Amino acid sequence: MPVAAPRTFRTIFISDIHLGSRPAKAEFLVDFLRYHDAETIYLVGDIVDGWRLRRSWHWPQAHNDVVQKLLRKARKGTNIYYIAGNHDEFLRSFQGVHFGGIVVADRAVHEAADGRRFLVVHGDQFDAVVHNARWLAYLGDKAYDIAIVVNRLIGVVRRLFRRPYWSFSSWAKVRVKKAVKFISSFQNVLAQEAARAEVDGVICGHIHHAAIEEINGIDYMNTGDWVESCTALVEDFDGRFDIVTWTGIATPATEPRPAKVRVRQEVSEAA
């Protein structure tokens with residue numbers, strides 16, 4: 001059975017791939033990029049995990065495939081912007097530099113098809129823990145590693161019973177009150193920054209929690225991640241934004257088309 005042609009969007013936003021870390025779902029992302037094209041792609045930080053690479057080198061073929069896939073899209077004419085995050089902050093000293101057609105920046109302003117303007121930023125600059133208590137951020141990173149190990153074990157069991165991928169850590173995050181409070185605070189701070197920048201909304205990553213939400217008249221959108229939830233934010237040619245979840249590998253026999261999910265924030269219900 002022939003494989004369908006890729007879907008084309010005006011813009012795709014992807015963040016928190018964490019290439020160089022073992023939990024990165026690089027195979028899923030390569031498959032997503034195979035079935036999705038865009039005029040413009042924003043890589044919204046933590047694409048490469050410099051923190052983990054400094055501790056131990058881990059770079060399997062699938063991680064290299066992600067890089068090659070993006071470079072190939074850039075060569076074919078896709079505009080690609082790399083917004084640096086805290087795990088790949090070494091790139092912040094290369095703002096404005098082009099790497100194989102990919103432009104590095106600390107932040108950008110994206111104009112949607114309907115004329116709305118969005119601040120595009122990773123978001124770590126507005127995380128007090130990362131900004132003011134770096135040692136605590138590293139400690140949190142270690143705790144996160146443990147949660148991902150649990151995630152993997154659950155994934156093995158689910159595969160044995162032929163169940164689809166499901167993220168335990170993502171599920172737990174929105175049900176633990178302190179985590180929920182942090183997510184809500186992070187969203188509010190980013191919305192305030194967008195208001196100060198005199199734009200209509202903000203598009204970010206960092207907290208690995210995909211969302212499309214309106215906060216005090218500001219459109220807040222988070223791309224999610226490719227460690228737990230495997231999500232991307234996409235913009236249609238009419239300026240509509242949606243979250244796409246891609247948690248499987250397509251084959252000519254199955255050709256899965258995961259449904260677009262317009263993610264609404266659960267914080268207000270859980271707080």
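Not measured: the values here are computed from a predicted model.
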*Any idea how Tyr42 and Phe13 line up, ring-wise: parallel (<30°), tilted (30 to 60°), or perpendicular (>60°)?*
parallel
*Is the shortest distance from a Lys or Arg side-chain nitrogen in Arg117 or Glu111 to a carboxylate oxygen in the other one below 4.0 Å?*
no
*Any Lys/Arg nitrogen of Arg92 or Asp124 sitting under 4.0 Å from an Asp/Glu carboxylate oxygen of the other?*
yes
*asked:* Aromatic contact between Phe186 and His206, with the criterion being ring centroids under 6.0 Å apart: yes or no?
replied: yes
_Ignoring hydrogens and geometry beyond distance, is a side-chain donor-acceptor pair present between Arg22 and His58 at under 3.5 Å?_
yes
*In chain order, what residues pass the salt bridge (charged side-chain N to carboxylate O under 4.0 Å, His left out) check against Asp114, with sequence neighbours excluded?*
Arg116
*Distance-only donor-acceptor check, side chains His209 and Glu228, under 3.5 Å*: no
*asked:* Among residues at least two apart in sequence or on other chains, which ones pass salt bridge (charged side-chain N to carboxylate O under 4.0 Å, His left out) with Asp65?
replied: none
*Are more than 12 heavy atoms from other residues, nucleotides or ligands located less than 6.0 Å from atom CD of Gln61?*
yes
_Lys69: which residues meet the salt bridge (charged side-chain N to carboxylate O under 4.0 Å, His left out) condition with it, sequence neighbours left out?_
none
*If you look at every heavy atom in Gly239 and Ala113, which pair is closest and at what distance?*
N-CB, 3.6 Å
_Heavy-atom neighbours of Asp238 CG exceed 12 at 6.0 Å_ = yes
_Would you say Asn222 and Tyr220 are linked by a side-chain donor-acceptor pair, where the criterion is simply a distance under 3.5 Å?_
yes
*Aromatic plane relationship, Trp226 with Phe32 - under 30° parallel, 30 to 60° tilted, over 60° perpendicular*: tilted
